[in-house]
**Q** 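Got a structure for you, questions after.
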Amino acid sequence: MTNDILGIADDAMSWVETAHDATGRRGVAAGYDLRQGWQAPYPETSGYLVPTLLRAARVLDRPALAVRAREIGDWLLELQSADGAFPGGMGVDGPPVVFDVGQIIFGLLAIGDAASEAAAERAGRWLLTQQRADGAWLSHFDFPNTYSSRVSWALAELWRATGDPAVLAAVRRSLHWILRQVRPDGWIDGMAFSASHTPWTHTIGYALRGLSRCADLLADDLAEQARAAADRCARRLAELDSPLYPLLPGEIGLGFEPLADYACLTGDAQMVTIWWDLHRREGDAVLAKRCEQVLARLAELQVRQPLEPAAMGALPGSFPLTGGFEPLAFPNWAAKFLADAAMNVASAR
């Protein structure tokens with residue numbers, strides 16, 4: 001069974017290699033669109049693919065993946081501006097985005113050499129200049145949001161590496177602000193890209209994983225409050241009834257109301273890691289079974305037929321393919337989170 005699960009990650013990483021090659025190995029293509037072909041390289045997701053590539057190189061015994069991770073890291077160093085920021089969005093010409101810079105820090109720290117660590121510190125200093133006084137981050141659409149708990153997580157990793165008290169203070173301000181967005185029923189406000197968006201399970205997954213990992217790294221009373229908020233929301237999501245079961249509705253609204261008849265597969269992959277972590281900490285057999293069911297369904301939806309060779313091993317944005325998240329496309333972050341989920345589940349077997 002473990003080998004079968006790791007096969008999911010193996011296929012996903014093979015597709016990431018294809019997406020890396022599609023750019024001339026200058027970052028990873030954002031995805032493959034059935035209508036328009038390969039998309040531009042995406043600095044943000046290329047950055048957080050680096051830790052996945054390095055882990056997969058070890059777990060799958062594929063050292064060439066580590067070589068690619070280093071190439072991506074070198075490419076990112078070329079993109080950093082003098083103030084520490086990086087281009088936002090797809091391509092290399094967009095204005096900096098708080099969330100994107102945070103995700104690139106993960107890659108720089110995972111590379112771990114002196115140049116990459118120095119670049120991560122510069123990026124962290126830029127992020128500190130962008131934080132509001134109340135602790136909120138403004139990212140996409142200038143919306144104060146809770147999915148940027150992943151920015152706080154990146155800074156928590158930076159603090160662990162450098163011991164910089166200013167970085168730790170920023171993480172704590174962020175957590176205090178996020179905890180004020182938690183409703184009595186466990187729902188967390190601000191998990192969407194803007195006030196006019198409905199949260200996808202993808203951005204919900206961002207919010208919950210960021211909170212949980214901050215808790216792991218800080219390990220104090222504030223951290224435990226963050227963990228409790230993430231765990232409660234995750235459990236409420238697991239209780240949702242949907243025709244898509246074991247997948248979740250792709251969009252979920254206030255009060256945990258299902259608002260879509262399609263699944264956002266990236267978010268489902270993220271929830272496997274979130275639920276699996278909760279299972280490992282609390283011994284919850286029901287959540288463990290749900291993770292296995294979701295992972296099995298995602299494996300069924302992972303592209304394995306060579307009808308479109310460029311998509312072999314990829315995971316669609318949505319199920320059905322025409323759903324509201326990255327329709328008719330295969331985003332690189334879907335493959336990343338699928339590989340993460342598979343390696344996380346396999347590691348405990």
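Residues take their numbers from the sequence shown, with the count starting at 1.
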**Q** Should Q270 and T201 count as side-chain neighbours, where that means a heavy-atom distance under 4.5 Å?
**A**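 Side chain of Q270 against side chain of T201, heavy atoms only: no contact under 4.5 Å found.
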**Q** Work out which heavy atom in A207 is nearest to a heavy atom in S149; give both atom names and the distance.
**A**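 Here A207 and S149 meet closest at O-OG, 2.8 Å.
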**Q** Shortest non-hydrogen contact from V294 to W275?
**A** CG2-CZ3, 4.2 Å
**Q** Centre-to-centre under 6.0 Å for Y48 and F337, is that the case here?
**A** yes
**Q** Tell me which donor-acceptor pairs under 3.5 Å the side chains of residues 76-83 have, and how far apart each pair is, sequence neighbours excluded?
**A**
unit_1, atom_1, unit_2, atom_2, d
E78, OE1, R26, NH1, 3.2
E78, OE1, R26, NH2, 2.7
E78, OE2, R26, NH1, 3.4
Q80, OE1, R122, NE, 3.4
Q80, OE1, R122, NH2, 2.9
Q80, NE2, G84, O, 3.0
Q80, NE2, A119, O, 3.0
S81, OG, D83, OD1, 2.5
S81, OG, A85, N, 3.4
S81, OG, A85, O, 3.2
D83, OD1, A85, N, 3.0

**Q** Would a 4.5 Å heavy-atom cut-off, applied to side chains only, mark L278 and D284 as touching?
**A**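 Result no, sub-4.5 Å side-chain heavy-atom pair not found.
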**Q** For the pair S116 (side chain) and G112 (backbone), establish whether a donor and an acceptor sit closer than 3.5 Å, ignoring hydrogens and angles.
**A** no
**Q** Taking salt bridge (Lys or Arg N to Asp or Glu O under 4.0 Å) as the cut-off, I'd like each qualifying pair that reaches into residues 154-177, sequence neighbours left out, listed once.
**A**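 Only E157-R160, E157-R213, R172-D220 qualify under salt bridge (Lys or Arg N to Asp or Glu O under 4.0 Å).
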**Q** Can a salt bridge be assigned to the pair R290 and E239 using a cut-off of 4.0 Å between side-chain N and carboxylate O?
**A** no
**Q** Quick one, C233 and F256 - any side-chain contact, counting heavy atoms below 4.5 Å?
**A** yes
**Q** Please examine the side chains of L208 and I188, heavy atoms only from C-beta on, and report whether any two atoms are closer than 4.5 Å.
**A** yes
**Q** Which residue pairs pass the salt bridge (Lys or Arg N to Asp or Glu O under 4.0 Å) test when at least one of the two sits in residues 262-277, sequence neighbours left out?
**A** D277-R281
**Q** Can you tell whether the side chains of R183 and D185 come within less than 4.0 Å, N to carboxylate O?
**A**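 Answer for the salt bridge query: no.
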**Q** Charged N to carboxylate O below 4.0 Å: is that the case for R70 and D113?
**A**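 Salt bridge between R70 and D113, a charged N being under 4.0 Å from a carboxylate O: yes.
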**Q** Just do the ring-ring contact (aromatic ring centres under 6.0 Å, His included) check on F141 and H197 with the steps written out, would you?
**A** CA-CA 10 Å; F141 306 102; H197 277 74; 5.4 Å; yes
**Q** Does any pair with a residue in residues 130-145 pass salt bridge (Lys or Arg N to Asp or Glu O under 4.0 Å), and if so which ones, sequence neighbours excluded?
**A** R132-D134
**Q** Report yes if the side chains of C214 and V171 come closer than 4.5 Å at any heavy-atom pair, otherwise no.
**A** yes
**Q** Applying side-chain hydrogen bond (donor to acceptor under 3.5 Å, both in side chains), can you list everything that pairs with R180, at least two apart in sequence or on another chain?
**A**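 R180: no side-chain hydrogen bond (donor to acceptor under 3.5 Å, both in side chains) contacts found.
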**Q** Answer with yes or no whether the hydrophobic clustering places L259 together with Y262; edges join I, L, V, M, F, W, Y residues whose side-chain heavy atoms lie under 4.5 Å apart.
**A** no
**Q** So if you build clusters from Ile, Leu, Val, Met, Phe, Trp, Tyr with side-chain heavy-atom gaps below 4.5 Å, do L240 and L287 land together?
**A**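 Yes.
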**Q** Side chains of W126 and V98, heavy atoms from C-beta outward: is any pair under 4.5 Å?
**A** yes
**Q** So, T52 versus D340: side-chain donor-acceptor pair below 3.5 Å or not?
**A** yes
**Q** A side-chain contact here means heavy atoms from C-beta on lying under 4.5 Å apart; do W177 and S152 qualify?
**A**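 Side chain of W177 against side chain of S152, heavy atoms only: no contact under 4.5 Å found.
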**Q** With a 4.5 Å limit on heavy-atom distance, are the side chains of D100 and F86 in contact?
**A** no
**Q** Got a donor-acceptor contact below 3.5 angstrom from the Q131 side chain to the A170 backbone?
**A** yes
**Q** Go through it in stages, so that I can follow the logic: the residues are D10 and R62, the test is side-chain contact (heavy atoms from CB on, under 4.5 Å), and I'd like the CA-CA distance, side-chain angles, deciding distance and then a yes or no.
**A** CA-CA 9 Å; D10 199 40; R62 292 178 58 178; 2.6 Å; yes
**Q** With sequence neighbours excluded, tell me which residues meet ring-ring contact (aromatic ring centres under 6.0 Å, His included) with H176.
**A**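 Once residues adjacent in sequence are excluded, H176 has no partner under the ring-ring contact (aromatic ring centres under 6.0 Å, His included) criterion.
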**Q** Is there a path of hydrophobic side-chain contacts, each under 4.5 Å between heavy atoms, that joins L168 and I105?
**A** yes
**Q** Would you please name every residue forming a ring-ring contact (aromatic ring centres under 6.0 Å, His included) with F106, sequence neighbours left out?
**A** W153
**Q** So, N145 and S148: side-chain donor and acceptor under 3.5 Å apart, yes or no?
**A** yes
**Q** Assess the residue pair L127 and V151 against the criterion (side-chain contact (heavy atoms from CB on, under 4.5 Å)); give the C-alpha distance rounded to whole Å, side-chain angles, the decisive distance to 0.1 Å, and a yes or no.
**A** CA-CA 9 Å; L127 284 174; V151 176; 3.9 Å; yes
**Q** Let me check something: any side-chain donor-acceptor pairs from residues 298-326 under 3.5 Å, sequence neighbours excluded? List them with distances.
**A**
unit_1, atom_1, unit_2, atom_2, d
E300, OE1, R297, NH1, 2.8
Q302, OE1, R304, NH2, 2.5
Q302, NE2, I8, O, 3.2
Q302, NE2, G313, O, 2.9
R304, NE, A299, O, 3.4
R304, NH1, D11, OD2, 2.3
E308, OE2, Y32, OH, 3.4
S318, OG, F325, N, 3.0
S318, OG, F325, O, 2.5

**Q** So, taking the atom named OG in S242 and the one named OH in Y245, what distance separates them when rounded to the nearest 0.5 Å?
**A**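 Reported to 0.5 Å precision, the distance equals 10.5 Å.
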**Q** Yes or no on side-chain contact (heavy atoms from CB on, under 4.5 Å) for W187 and L254, after CA distance, side-chain angles and deciding distance?
**A** CA-CA 7 Å; W187 180 257; L254 190 65; 3.5 Å; yes
**Q** Can you run down the salt bridge (Lys or Arg N to Asp or Glu O under 4.0 Å) pairs that involve residues 245-262, sequence neighbours left out, and say none if there aren't any?
**A**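 For residues 245-262: none.
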**Q** Say whether, by atom type as modelled, one donor and one acceptor occur between the side chain of S46 and the main chain of V28 under 3.5 angstrom.
**A** yes
**Q** Does the distance from a Lys or Arg side-chain N to an Asp or Glu carboxylate O, for E224 and R227, drop under 4.0 Å?
**A**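 R227 and E224: salt-bridged.
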**Q** Checking side-chain contact (heavy atoms from CB on, under 4.5 Å) between V97 and each of S139, P87, P43, which is the one that passes?
**A**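 Exactly one pass, corresponding to S139.
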**Q** Can you say whether the rings of F193 and W200 are parallel (under 30°), tilted (30 to 60°) or perpendicular (over 60°)?
**A** perpendicular
**Q** In terms of side-chain heavy atoms, does T23 have a donor or acceptor partner in W75 at a distance below 3.5 Å?
**A** no
**Q** Using 0.5 Å steps for rounding, measure from the CG atom of L108 to the CG atom of L158.
**A** 10.0 Å
**Q** With salt bridge (charged side-chain N to carboxylate O under 4.0 Å, His left out) as the criterion, how do E17 and R25 come out once you've worked through the C-alpha distance, each side chain's angles and the decisive distance to 0.1 Å?
**A** CA-CA 9 Å; E17 287 184 307; R25 297 175 76 142; over 6 Å; no
**Q** Between the main-chain N or O of G190 and the side-chain N or O of T146, is there a donor-acceptor pair closer than 3.5 Å?
**A** yes
**Q** For H279, give me all partners under ring-ring contact (aromatic ring centres under 6.0 Å, His included), at least two apart in sequence or on another chain.
**A**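 With neighbours one apart ignored, the set is W276.
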**Q** Show which side-chain atoms of residues 327-335 pair as donor or acceptor with protein atoms under 3.5 Å away, not counting sequence neighbours.
**A**
unit_1, atom_1, unit_2, atom_2, d
N332, OD1, T45, OG1, 3.0
N332, ND2, A29, O, 2.8
N332, ND2, T45, OG1, 3.0

**Q** Going by ring-ring contact (aromatic ring centres under 6.0 Å, His included), name the residues that satisfy it together with Y206, two or more places apart in sequence or in a different chain.
**A** F99, H202
